[in-house]
Amino acid sequence: MNHLTVWREYRRLRLFAAVIAGALFGLVSGAPSEPVRKSGYAVGPDTCGSGDLAFPRVQIGMKAGFCAGLVASEEDHLKFPRSIVQLPGRDLFVVADMGGWGHTDGRMLLLDPHAPQGQRFKELLTGIEYPFGLVIGPDRKLYASTAETIFRFDPLAENPRSTVETIIRHMPGRRITLPDGTRLDEGAHPLKQFVFDRNGRLFVNVGSHNDDCITPAPITKPCAPAEGASAMAAIWLFTPPPGGVFPALKPGDTDPPHTVYARGLRNSMALALHPNFPDAGYAFLQGENGRDLPDIFKPNEEINAIEQGRHYGWPYCYDVSTPSPEFRSVLQSGAYKSLCTANALYKPPFSLLPPHGAPLAMLYYHGTRFPELEGKLLVGLHGYRPTGSRVLVYDVDDHGFPRLSPAPVRYHVSCAAEPTRSFRTDAGEVAAAPFEELIAGWHRVNGARPQGAPVGMTVAEDGAIWLVEDKNKTVIRIDRAAGDPPQPLACDTRSQALIDQLAAFVASDAQNRIRLTTLRKGLVEKHCVGCHSDFGLKAGQSDADKDVTALRFMLSQDGWIYPGDPDSGMLRTRLRGSGAEKLMPPGGESLPKTEPGYAHLLDTADLLVAKMVPGTRMRIKSGPPQRKFYGKAGRECGEIPAAKVVVVTQRKAVDKPGFSRFFRPADPYLNGECTDDDGYYIRQEFLVPVQ
């Protein structure tokens, strides 16, 4: 079944038909038009913006009063766009497109948003190594970065390459020598984000060479790449000569001197300076991409308030003050003794960000289009886990620092049985800066949109917000929208055909038929009807019809049931009160003690879900945080976290040697362009039996 067929089936679902049909199929004067797919987005006749800056509206969850228009997509030959900036005084933009992770894949592109579709881009520079940073400098010229250099050029020149002037030539890149003499290839993080302050000083992210700097045990010495005068996991400061502009380097010239401004920052892709910085007390903020851990809620990402000479913890501390166990001996003596808890060198995070959110963009909004955002801090989260794929809005004080609130402060988790979580560390809940979401609900919806992947972000001179997505190869413009925002799209686009299949599985299993009847009589009819409509139950139905009707209702609800994995579904967490959301049914906390057989009823619900699909339940093997899975033809379909349970239908897939075929996974993990008919496959060695 292709995506369009899935979507047509899905729109028949009772609770969402009117909203989703109107949003995605563009009901104009009663005449539907078929959506067109661009970079995975289904777009119809609705637009966002006005005049020749009106672009096809994409259905992502926006704050009321805002909309998102699709300016460019993979149809425009975008490959891996990472940043965007407007040229001063011109309605033109420059986009840094890395092209991929090849050393010479990168390009600089000129974007004319007023040009016809398909003619909006012009190549300016090609063969660039990992272009990322794009900044308008204090001299109003365009500056860009590669893995090892920072340069400026004139994008409007007849031959832009002839105008390239390099101002820094030898930042840590592919081949480096550490302070202890170790030589590394592909050493530093290749993406060099940077910002200028109003005095022309240049702050550059020199990211760490890996995730956690862990070397073979026992670890008795500090992390060598993060030490010394050329430390990685740091922000470097370059100071210009009098006049505030760096000269172009001539052959044989050495780089301008630098100092390590702050260290212990694994990867500072998100940097923001308050316009009044460096005046005393004004904010210099960094969004920290912390180390990865298998736990989806640990560690938290961070907003750090940067001060010269301070250490921000990596790789020794995470989550405010939690010591990394691998560095226990390093934290017992020397310069880093008790770094995380009682060392004046360490500055803990100003606030936590959602775990694994991957902040890749941060800026203060200044513009006339959105007065309600004036002066506020915007943060883009690129992370592919359910805590990422969103753009946050922070209220800030007069000096640019987000306003903090006491615990608990909650954040959203897309398509989860527990849709909100509080910021917490191993020591419990902690204070944090609360935020609004300019963009939320950007999880993948098959046939409607891909999962959001925001990277670069900028505010245009007209106040509109522009951003680029690397994974989806798009440029998006955010503008004002009239009327009420569309209803959020469902998390689980389970088609009627798939519901039919699951209902047939239950009907063919005698034990599950009994479980379903028990659940319908003891839970649905006794405790749930009335709270959740009528479950579709009608007077005069036979018991068999009632069973099927109740089952279909539950299967059509967002995130209630993930076949084979009862622990992941909202049906379980709400019935057992194991999440932060309200326990159901009302008063349910007393039912296991006051109603005979109620505890057994909850177990029956788990068994119905666990045994719903014929096959073998297997667990994703521990290891990396995520395991990729594929379609039959090798197309990547998504990633599943370690320890999740799937139902394997063929342990040794006959049509894909070395792989196991498994039943359709929970929708939050579907990030590719795969279909149910194609099937889903994962390497055999990534599966272990469920104990």
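Quantities reported herein were computed from a predicted structural model and do not represent experimental measurements. Values below: every heavy atom of this structure, side chains too, minus hydrogens, waters and symmetry copies.
- A distance of 12.0 Å separates CG of Leu467 from CZ of Arg477, quoted to the nearest 0.5 Å.
- No side-chain heavy atom of Asn267 sits under 4.5 Å from any side-chain heavy atom of Trp314.
- Side-chain atoms of Ser568 and Lys644, non-hydrogen and from C-beta on, do get closer than 4.5 Å to each other.
- Contact of the Glu301 side chain with the Leu381 side chain is not registered, since no non-hydrogen atoms from C-beta on lie closer than 4.5 Å.
- Between Thr322 and Asp426 the shortest heavy-atom distance is CG2-OD2, 3.6 Å.
- Judged purely by distance below 3.5 Å, without hydrogens or angles, the side chains of His311 and Asn343 never pair a donor atom with an acceptor atom.
- In plain terms, the two heavy atoms of Lys628 and Glu639 that are nearest each other are NZ-OE2, 3.1 Å.
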Should Phe238 and Phe194 be marked as a ring-ring contact (aromatic ring centres under 6.0 Å, His included) after you check the CA-CA gap, both sets of side-chain angles, and the distance that decides it? CA-CA 11 Å; Phe238 295 85; Phe194 62 96; over 10 Å; no

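- In this structure, Tyr364 has its ring center closer than 6.0 angstrom to the ring center of His274.
- Ion pairing of Arg403 with Asp397 is absent here, as no side-chain N (NZ or NE/NH1/NH2) approaches a carboxylate O to less than 4.0 Å.
- A 4.5 Å side-chain heavy-atom check between Leu87 and Glu461 finds every atom pair outside the cut-off.
- When every heavy atom of Arg140 is checked against every heavy atom of Pro88, the shortest pair comes out as NH2-CB, 3.1 Å.
- Between the side chains of Thr387 and Arg421, no donor N or O sits under 3.5 Å from an acceptor N or O.
- For Asp319 (side chain) and Thr425 (main-chain N/O), no donor-acceptor pair under 3.5 Å exists by modelled atom type.
- Residue Leu353 comes nearest to Pro359 through the heavy atom pair CD1-CG, 3.8 Å, listed as atom of the first residue, atom of the second, then distance.
- Between Glu302 atom CD and Ser351 atom OG the span is 10.0 Å, to the nearest 0.5 Å.
- If you check the side chains of Gln193 and Asn205, you find no donor sitting under 3.5 Å from an acceptor.
- Within the 3.5 Å criterion, the main-chain N or O of Pro434 finds no donor-acceptor partner in the side chain of Ser405.
- Under 4.0 Å is where a charged nitrogen must lie from a carboxylate oxygen, and between Asp211 and Arg266 at least one such pair does.
- Here Leu271 contributes atom CG and Ile306 contributes atom CD1; the two are 7.5 Å apart, rounded to the nearest 0.5 Å.
- Note: Tyr261 and Phe203 have perpendicular aromatic rings, judged against thresholds of 30 and 60 degrees for the angle between ring planes.
- A donor-acceptor distance shorter than 3.5 angstrom exists from the side chain of Asp255 to the backbone of His170, with no hydrogens or angles considered.
- Under the 3.5 Å distance criterion, with hydrogens and angles disregarded, a donor-acceptor pair is assigned to the side chains of Glu437 and His412.
- A perpendicular orientation is assigned to the rings of Tyr316 and Phe327, their planes being inclined by more than 60° (bins at 30° and 60°).
- Within the 4.5 Å cutoff, the side chain of His443 has no heavy atoms near those of the Ser389 side chain.
- Rounding to the nearest 0.5 Å gives a distance of 9.5 Å between CG of Leu70 and CG of Asn472.
- We find the OG-CG distance between Ser268 and Leu285 to be 11.5 Å, quoted to the nearest 0.5 Å.
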ring-ring contact (aromatic ring centres under 6.0 Å, His included) between Phe196 and Tyr143, worked out: CA-CA 10 Å; Phe196 289 97; Tyr143 287 75; 5.0 Å; yes

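- When all heavy atoms are compared, the tightest approach of Pro138 to Gly200 is CG-CA, 4.0 Å.
- Looking only at side-chain heavy atoms (C-beta outward), Phe423 and Tyr411 come within less than 4.5 Å of each other.
- Using modelled atom types and a 3.5 Å distance limit, the side chains of Arg169 and Thr149 yield no donor-acceptor pair.
- The two residues Pro172 and Val206 make their nearest non-hydrogen contact at CG-CG1, 3.8 Å.
- With rounding to the nearest 0.5 Å, the separation of CG in Asp470 from CZ in Arg82 is 4.5 Å.
- The salt bridge (charged side-chain N to carboxylate O under 4.0 Å, His left out) test applied to Glu374 returns no partner, not counting sequence neighbours.
- Around the CZ atom of Arg328, the shell of radius 6.0 Å holds no more than 12 heavy atoms that belong to other residues, nucleotides or ligands.
- Using a 4.5 Å cut-off on side-chain heavy atoms (C-beta onward), Lys376 and Asp395 make contact.
- Checked for salt-bridge contact, Glu326 and Arg291 meet the test: a charged N lies under 4.0 Å from a carboxylate O.
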For Arg390 and Ser414, what are the C-alpha separation, side-chain angles and deciding distance, and is it a side-chain hydrogen bond (donor to acceptor under 3.5 Å, both in side chains)? CA-CA 10 Å; Arg390 59 193 78 232; Ser414 297; 2.7 Å; yes

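- Two residues are said to be in side-chain contact when any heavy atoms from C-beta on lie closer than 4.5 Å; Glu436 and Leu392 fail this criterion.
- Side-chain polar atoms of Lys192 and Thr146 form no donor-acceptor pair below 3.5 angstrom.
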